[in-house]
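Only one structure is covered here, and it is reproduced in the block below.
What you see is a predicted model; the values in this text were computed from it and never measured. Just so it is clear: chains get the letters A, B, ... in the order the sequence lines come, proteins before strands, and each one is counted from 1.
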Amino acid sequence: MEEQTEEKLFGHFAVSAGRNFCLTYTISHHFSNLQVGSFVVVPMMRGKKEGEYIGVFLGLCEKPPFQCKDIIKKLEFVNSIPENLILMLKWLSEYYLSPLENFIALLAPSFIWNVNRHDMLEKRLQKLFVKNNNQYFLINENKSQQVKGEIKLPLRECIALNEEQNFIFQDIIESHPTVSLLHGVTGSGKTEVYLKLAQYFIQQNKNVLILVPEIALTPQMTSRFRAVFQNHLSILHSGLTSNEYEKEWFRIHYNLAKVVLGVRTSIFSLLENIALIIVDEEHDNSYKSQDIPFYQARDVAVLRAKKEGALCLLGSATPSVESMYNVKQGKYKYYSLQNKFSNNSVQAVIIDSKQNLNIPLKMKQGNYPLKSSQIAFNNDAISSEVFAVLKETKDRGEQSMVILNRRGYVNFSLCMACSQSLKCPRCSVSTTLHNNGSIEICHYCSFRVNTRKNCPSCLSPFLMTRGIGTQNIEEQIQRQIPELNIQRLDRDVLTSNSRLNDIIENFRNGNTDCLVGTQMLAKGHDFPNVTVVVVLHVEDSLFLPDFRASERTFQLLTQAMGRAGRGKHKGTLLLQSLILGHPVIELSLNNNVKDFIDRELNRRKLGFHPPYSRQILFEIRQSNKGKAMVLAHKIKDYLVNFWKENSFEVNQIRLAGPYFATLEKLNNEFRVQICVSTIREIHPFKLIPKEIFHDKELLPHFKIDVDPYSFM
DNA sequence: AGCACGCCGACT
DNA sequence: GTCGGCGTGCTC
């Protein structure tokens, strides 16, 4: 702020304070050791008070047309972010059309960004680490690094591979494929290959990063890695307490961890000298960030590996269509592991749900299509065959699983007088009834109310519940088979990580006979005594308005089959469905991945869907319905004019919308979407005019999702 | 995120 | 007039 600003340097800084900003500050001469990626303390006005905040130096810049403040100091207990990582984030910020500072914010957790807690933080760090010759060391190494719920396994220095696994291991270390896809069902031994590769690179004095979906962070997975890598392993997930997370983050940052095992955001961990990045269950949707900044961690993994000269290994029992396409294009090397207990030993039985249907006689002629709310199921929606099989399974001393992709008790409540359902007052969706039907919860905004006794629109008390959720299924099965020991597993039950571990432990050691839940059940876990898996209402996921609906259904069914065929016994998959003979169901039951991928790629080529196109989804939110649509049209005009001016060819771009989203109203805001599909050769950056981001009227009301995974 | 400003309706 | 509710805008 002094007069001598001419002599000072100006620089851009990413500052995080609730929202992330890119601000300009002056740098005094005594900050000679400041480099791109350094953490600094900066002053910033918050209302009338000036506070201190944390910023990351992004680079020098010209003198701006406004007054700038001086940076206060450089943080010494945090190292600078490596420049190659900053460069990668710059690339990501261009590709995903999201400001760089939003990506910078992902590099460090909240305890770094909150300057008020730094005194305490530094005190705690002094008790944990000691600095010597610019190297950090852990002070009390012997203190147990065990994470709650982990099972202690005997130490296995030597990882024994079978012939097939060993061939893949050898081929990867000899031929060094930049990206490879390892296809093998859970239990076929992918983890051994991961472990062996990680061990190999650590012996070369390199580091390894492993990504897993949240749900796959089971005690088994972490225990196996812990047994091999012990205190060289750092595990990052949302279940850690803030102190545990802090310690793990600094262990990685201070170069004291060699293997990082973590969820989506771990792809941005400050691990250096990486030789290998593994993405386990690469098809899993949890790798896609559904909010700002939007990114796909699996794709970032491929990019980071390329930029850092590391190998990238994607593993899955049900590879994504995108990855299989890259295999076909020769971009990814393909490896396949056969299962010892192949899916072929699973017998699939399809039960026709239509026999349970009860269509009301009073339906008016010509009033089709029928709404699901107008159709009732006899026998409470579960076929008698299902009950019989569950009972027989218990009598044989074996276990079963029932999967229904809908949590809650009943789906919704319908007024018989005016045909309106009980709706969330803030969102355009019906509420879901929970806790035996006593409370209504909105699954989108968490609105919660005691179940209303009268219809809000016509005040009629004649309300009828329709649809069925996991809570109800659990209750129905319990009523039919009282001796069956049932446990439910879905997002409603999961209040804590230890709860998940308890449920899984109880099931594995046989205290529970039958696990009822959402598709969460189908993922990852290894239960050898499960011989029967029931999937209810498959058609629900098959016909969603999303081009990935068949892929997700195929994956769900394949994984469900995998769950049933893990042990020595022959497994059974019971499928209760309204539709019979659908090719996607047939192909998954026959375990025919090749034909499914071919069919799917063909469909996507015809429909101009990814991987044959790249999509950019605009979402406009406004509390006024009409204004929302007006704003959306403004965006469309920007786009269409820009494409015309830059003479893009018509067959290279498709624009859909603006239209109101399936979830038209969310949290009292109306949602309008515009979906742009283009040929993959055009970078998203070149397709969107910059004016959109500088338009003050538009800016607060829209989000851009590049490569979207959700279209609701 | 926070904090201030400003616009509008209710009340001395 | 003016108190205060909250919608909107700014932080170098």
Could you state the [atom1]-[atom2] distance from [X] to [N], rounded to the nearest angstrom?
X      : N      : atom1 : atom2 : result
A:N624 : C:dG7  : CG    : P     : 14 Å
A:E697 : C:dT8  : CD    : P     : 12 Å
A:K627 : C:dT8  : NZ    : C1'   : 11 Å
A:N20  : C:dC12 : CG    : C1'   : 15 Å
A:E101 : B:dA1  : CD    : P     : 15 Å
A:K49  : B:dG2  : NZ    : C1'   : 9 Å
A:I71  : C:dT11 : CD1   : P     : 20 Å
A:M44  : C:dG9  : CE    : C1'   : 14 Å

Is it the case that the side chain of [X] and the backbone of [Y] share a donor-acceptor pair, with hydrogens and angles ignored and the cut-off at 3.5 Å?
X      : Y      : answer
A:R671 : A:E619 : no
A:H237 : A:V263 : no
A:S266 : A:S269 : no
A:W113 : A:A108 : yes

- prompt: Contact class for A:F66 vs. all strands (heavy atom < 4.0 Å): base, sugar-phosphate, or nothing?
  reply: base

- request: Answer with base, sugar-phosphate or nothing: what part of the nucleic acid does A:P64 contact at a heavy-atom distance below 4.0 Å?
  value: nothing

task: Ignoring the backbone of A:F21, work out which of C:dT11, B:dC3, C:dC12 is nearest its side chain.
output: C:dT11

task: Taking only the side-chain heavy atoms of A:C68 (C-beta and beyond), determine which of B:dC3, C:dC12, C:dT11 contains the nearest atom.
output: C:dC12

message: Please determine whether a side-chain nitrogen or oxygen atom of A:R19 lies at a distance below 4.0 Å from atom OP1 or OP2 of B:dA1.
response: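 Yes.
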
